[in-house]
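Here the structure is a predicted model, which is why all the values come from computation and not from measurement.
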Amino acid sequence: MNLKKSLERLKWRFGNNTNFKPNMNDVNALNEVIEYVDKKERQQLSDNQLFGKLYIYLYGEFVNYYRSNTLDPIPQKELHKLLDKDPRELIEDLKDKLNQLELEHSIKTKSTYTPVEYDEVSDNLRVMVNAALNTYK
């Protein structure tokens with residue numbers, strides 16, 4: 001049986017609104033679906049290893065920051081808030097942080113303050129991300 005037939009079989013069996021005793025075809029259909037989902041999840045993790053590494057690392061940082069454990073939902077919620085943000089907003093936040101650091105450095109060293117622009121930060125990030133993607137496949 002293939003996945004489509006397995007799903008059709010299960011839909012038909014569960015859609016009859018009758019009590020039924022599962023037979024071997026039903027078991028095989030369910031196992032096919034379970035195997036497919038498991039394979040897809042493993043493939044998705046494999047295809048997104050770099051994202052997974054960063055997610056795990058940042059999740060650990062949030063756990064440490066919030067002094068929580070793996071059962072506490074706060075670190076995951078905070079991480080998901082970041083993932084939900086528009087990339088432009090993240091770049092803008094980074095630009096502001098870089099400019100704040102540059103201003104503090106200029107004041108401390110009595111040097112000229114030269115703020116960075118959004119496009120400069122965005123372009124540099126694009127180069128860095130692409131280099132990482134090409135290096136750590």
Please tabulate, for side-chain N and O atoms in residues 55-65, each donor-acceptor pair with protein atoms closer than 3.5 Å (sequence neighbours left out).
from	atom 1	to	atom 2	distance (Å)
Tyr55	OH	His80	NE2	2.7
Asn64	OD1	Arg67	NH1	2.4

Evaluate the side-chain proximity of [Y] to [X]: yes if any heavy-atom separation is below 4.5 Å, no if none is.
X      : Y     : result
Tyr136 : Lys53 : no
Ile74  : Glu78 : yes
Val37  : Ile34 : no

Spacing of [X] atom [atom1] and [Y] atom [atom2] [to the nearest 0.5 Å]:
X      : Y      : atom1 : atom2 : value
Thr114 : Asn99  : OG1   : CG    : 10.0 Å
Gln49  : Leu54  : CD    : CG    : 11.5 Å
Asn124 : Asp119 : CG    : CG    : 11.0 Å
Glu104 : Lys108 : CD    : NZ    : 9.5 Å
Lys95  : Glu92  : NZ    : CD    : 4.0 Å

Met128: hydrophobic cluster co-members (side-chain, 4.5 Å): Ile91, Leu94, Leu98, Val116, Tyr118, Val121, Leu125
ILVMFWY clustering at 4.5 Å (side-chain atoms), partners of Tyr113: Leu103, Ile107
Taking every non-hydrogen atom, the tightest pair across Thr112 and Ser106: O-OG, 3.3 Å
Shortest non-hydrogen contact from Leu90 toward Lys85: CD2-CD, 3.6 Å
Pair Arg126 + Asp123, salt bridge at N-O below 4.0 Å: yes
Whether over 12 other heavy atoms sit under 6.0 Å from Glu117 CD: no
Tyr66 atom OH: more than 12 heavy-atom contacts under 6.0 Å: yes
